[in-house]
2 protein chains.
Amino acid sequence: MSRLPEYLRALHALAETGHETVSSEGLASAVGVNSAKLRKDLSHLGSYGTRGVGYDVALLIDQIESVLGLTQCRAVALVGVGNLGHALAGYDGFASRGFRIAALLDADPSRVGERINGLVVRHVDELSRVVAEETISIGVIATPAPAAQAVADELVAVGVTSILNFAPCVLSVPEGVDVRKVDLAIELQILSFHEHRKASLTALPATGGSALTALPGGLATTDTQEAIGT
Amino acid sequence: MSRLPEYLRALHALAETGHETVSSEGLASAVGVNSAKLRKDLSHLGSYGTRGVGYDVALLIDQIESVLGLTQCRAVALVGVGNLGHALAGYDGFASRGFRIAALLDADPSRVGERINGLVVRHVDELSRVVAEETISIGVIATPAPAAQAVADELVAVGVTSILNFAPCVLSVPEGVDVRKVDLAIELQILSFHEHRKASLTALPATGGSALTALPGGLATTDTQEAIGT
DNA sequence: AGGCGCTTGTGAAGAGGTGCACAAATCGCG
DNA sequence: CGCGATTTGTGCACCTCTTCACAAGCGCCT
């Protein structure tokens, strides 16, 4: 599930503060989910906690990392060293969680040769050579939208089967290739919607505003974290 | 729904290429969803297409933007001008979609005064003054994880009710405040999991590898776009 | 050794999203 | 004016995810 990485992060935090075991309740509240859901998730792993005690933190970390395939450090290739790509190249959150940026690529010749974080930007045409040098398991696309599909095609052509796409567009890829997308503007638009909904509700508490804002329970927007603790 | 922004993006692309109307089928394939789902989504808006013809692109854009509250340009305050914050400040995808970065804030005095994209970085203590100057509707947190909760508390204190959190941690906020989070490392970890699963399946097609990889249909990871077209 | 409290693992019920298939409605053409 | 082609809107069945509630198991204390 997509929640496993969140559990993992919380577990690492617990391990650093010296906890040896966690109850499902404790871990669940740290992540912000229902404890039953967490237990069910963990039971799918086949991982065993001990009843009456809880889960062994270190053991659980190993189990989850094993399932996520994080036992080995994965090399990622980053294509597009513009504004966003530059930030990603320098983001230390990757290295600290088992990912190594192995190559920086860009189509712009004026960017080729630039040095970022000890890595030299190479031309995107060298992609196949880069993949030959290192075992690239994930490709990250941080190009403008018009270039994204072509880059994706090239990545697929050289054997990359997992792509993280930051370009605001839909990618067409053959079966067997996984694509996840992150669109920063979409996140803002969803917040804007909530903002708009809240404004309507407070302004027109009786009528409820438009049809949408009056829907029972509002609209479900996945991944929205709402009202945890105080 | 969280799909509305994606529809909106596709619609803008269609409008630019001169289309005046779209069928649900056409728009659905452009976004990569089922046409029935799209029709149901749009029907929730109360927005009417005309049977036998399709949807009026311009009208639909207006409808969706109205629902999302994008009729007015929303001002966002960005806290944390590190690697990621720097990129976000320079990201032009915000302005082009109705968001204006109205303020840059950071706790590091050495960063205060820096000029990014025509905006001067101010100290985070000035937050209340910034909010007084402009109507900030969304706060973006791009600080390191340890500082995120404090920043969130301050944002809430000055009246911000929508927060986009890039820090890898769970935020506690009072009811009525919406938080969305984007964790770049989590996205990579999910891809890593798929990579790992695919590797196990090809290596051990008979046994199916671990218990997890043998689950029927694999594990559901929301937002994963898989095998669209060729 | 036995009982008690605590926690896991899981069956079952509930809720929500998804997709199919079809009726209703609209346009264009003869 | 009427008919057929086309497309929306939606009832229905299915399926997954979520949540509750409880039995089973483990450790500790007496």
Side-chain angles (χ1 to χ4, degrees), chain A residues 1-4 6-7 10-11 14 19-57 59-60 63-64 190 211-212 214-228, chain B residues 1-4 6-7 10-11 14 19-57 59-60 63-64 190 211-212 214-228:
Chain A
M1 322 268 182
S2 58
R3 283 187 295 269
L4 286 182
E6 308 192 36
Y7 299 161
L11 284 168
L14 284 170
H19 296 71
E20 303 225 336
T21 62
V22 222
S23 69
S24 65
E25 198 81 35
L27 183 55
S29 71
V31 179
V33 300
N34 188 299
S35 65
K37 192 195 304 190
L38 185 139
R39 283 199 300 275
K40 194 153 284 189
D41 286 346
L42 294 185
S43 74
H44 286 329
L45 296 177
S47 143
Y48 297 146
T50 45
R51 307 182 179 211
V53 178
Y55 297 92
D56 183 298
V57 173
L59 178 66
L60 203 49
Q63 290 263 358
I64 294 180
I190 294 173
L212 249 193
L215 278 180
L219 267 69
T221 52
T222 49
D223 280 353
T224 302
Q225 161 199 332
E226 201 162 350
I228 292 182
Chain B
M1 321 267 186
S2 58
R3 283 186 296 269
L4 286 182
E6 307 193 35
Y7 300 160
L11 284 167
L14 285 169
H19 295 71
E20 302 224 336
T21 62
V22 223
S23 69
S24 64
E25 197 82 34
L27 182 55
S29 72
V31 180
V33 300
N34 187 295
S35 65
K37 193 195 302 190
L38 185 140
R39 284 199 298 276
K40 196 156 288 190
D41 286 346
L42 294 185
S43 75
H44 285 331
L45 296 178
S47 144
Y48 298 146
T50 46
R51 305 181 179 210
V53 177
Y55 297 91
D56 183 296
V57 173
L59 178 65
L60 203 49
Q63 289 263 356
I64 295 180
I190 293 174
L212 249 193
L215 279 180
L219 268 69
T221 53
T222 51
D223 283 352
T224 303
Q225 160 197 334
E226 200 162 350
I228 292 182

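Throughout, a chain's letter reflects where its sequence line sits, starting with A, and its residues are numbered from 1. Quick caveat, the model's predicted, so the values are computed rather than measured.
- Within the structure, every side-chain polar atom (N or O) of B/Tyr55 is placed at least 4.0 Å from both OP1 and OP2 of C/dT26.
- Look at CG on B/Leu38: it is 16 Å from P on C/dG17, rounded to the nearest Å.
- The CG-P distance, from B/Leu27 to D/dT6, rounds to 20 Å in whole Å.
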CA sep, side-chain torsions, deciding dist, call: A/Thr50, A/Thr21, side-chain contact (heavy atoms from CB on, under 4.5 Å) = CA-CA 10 Å; A/Thr50 45; A/Thr21 62; over 6 Å; no
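- Interatomic distance, B/Ile190 CD1 to A/Ser2 OG, rounded to the nearest 0.5 Å: 5.0 Å.
- Put simply, B/Ser23 has no side-chain N or O that comes within less than 4.0 Å of OP1 or OP2 on D/dT7.
- A/Ser47 comes within 4.0 angstrom of the backbone, heavy atoms only, and of no base.
- For the pair B/Tyr48 OH and D/dG9 P, the computed distance is 8 Å after rounding to whole Å.
- The closest side-chain heavy-atom distance from B/Leu45 to B/Leu4 is below 4.5 Å.
- Residues A/Ser35 and A/Arg39 are in side-chain contact: their nearest non-hydrogen atoms beyond the backbone lie under 4.5 Å apart.
- At least one side-chain heavy atom of B/Tyr55 sits less than 4.5 Å from a side-chain heavy atom of B/Leu42.
- Taking CD from A/Glu25 and CG from A/Asn34, the interatomic distance works out to 8.0 Å, rounded to the nearest 0.5 Å.
- For B/Arg3, the salt bridge (charged side-chain N to carboxylate O under 4.0 Å, His left out) partners two or more places apart in sequence, or in a different chain, are B/Asp41.
- The separation between B/Asp41 atom CG and C/dG19 atom P is 11 Å, rounded to whole Å.
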If a protein heavy atom is under 4.0 Å from the base, mark B; if only from the sugar-phosphate, S; if neither, -; do that for nucleotides 19-28 of chain D going 5' to 3'.
-> BBB--BBBS-
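- Atom NE2 in A/His44 sits roughly 11 Å away from atom C1' in D/dT16 (whole-Å rounding).
- At whole-Å resolution of the value, CG in B/Leu42 and P in D/dT7 are 16 Å apart.
- Atom CG of B/Asp56 is separated from atom P of D/dT7 by 16 Å (rounded to the nearest Å).
- Rounded to whole Å, the distance from CG on A/Leu60 to P on C/dT7 is 16 Å.
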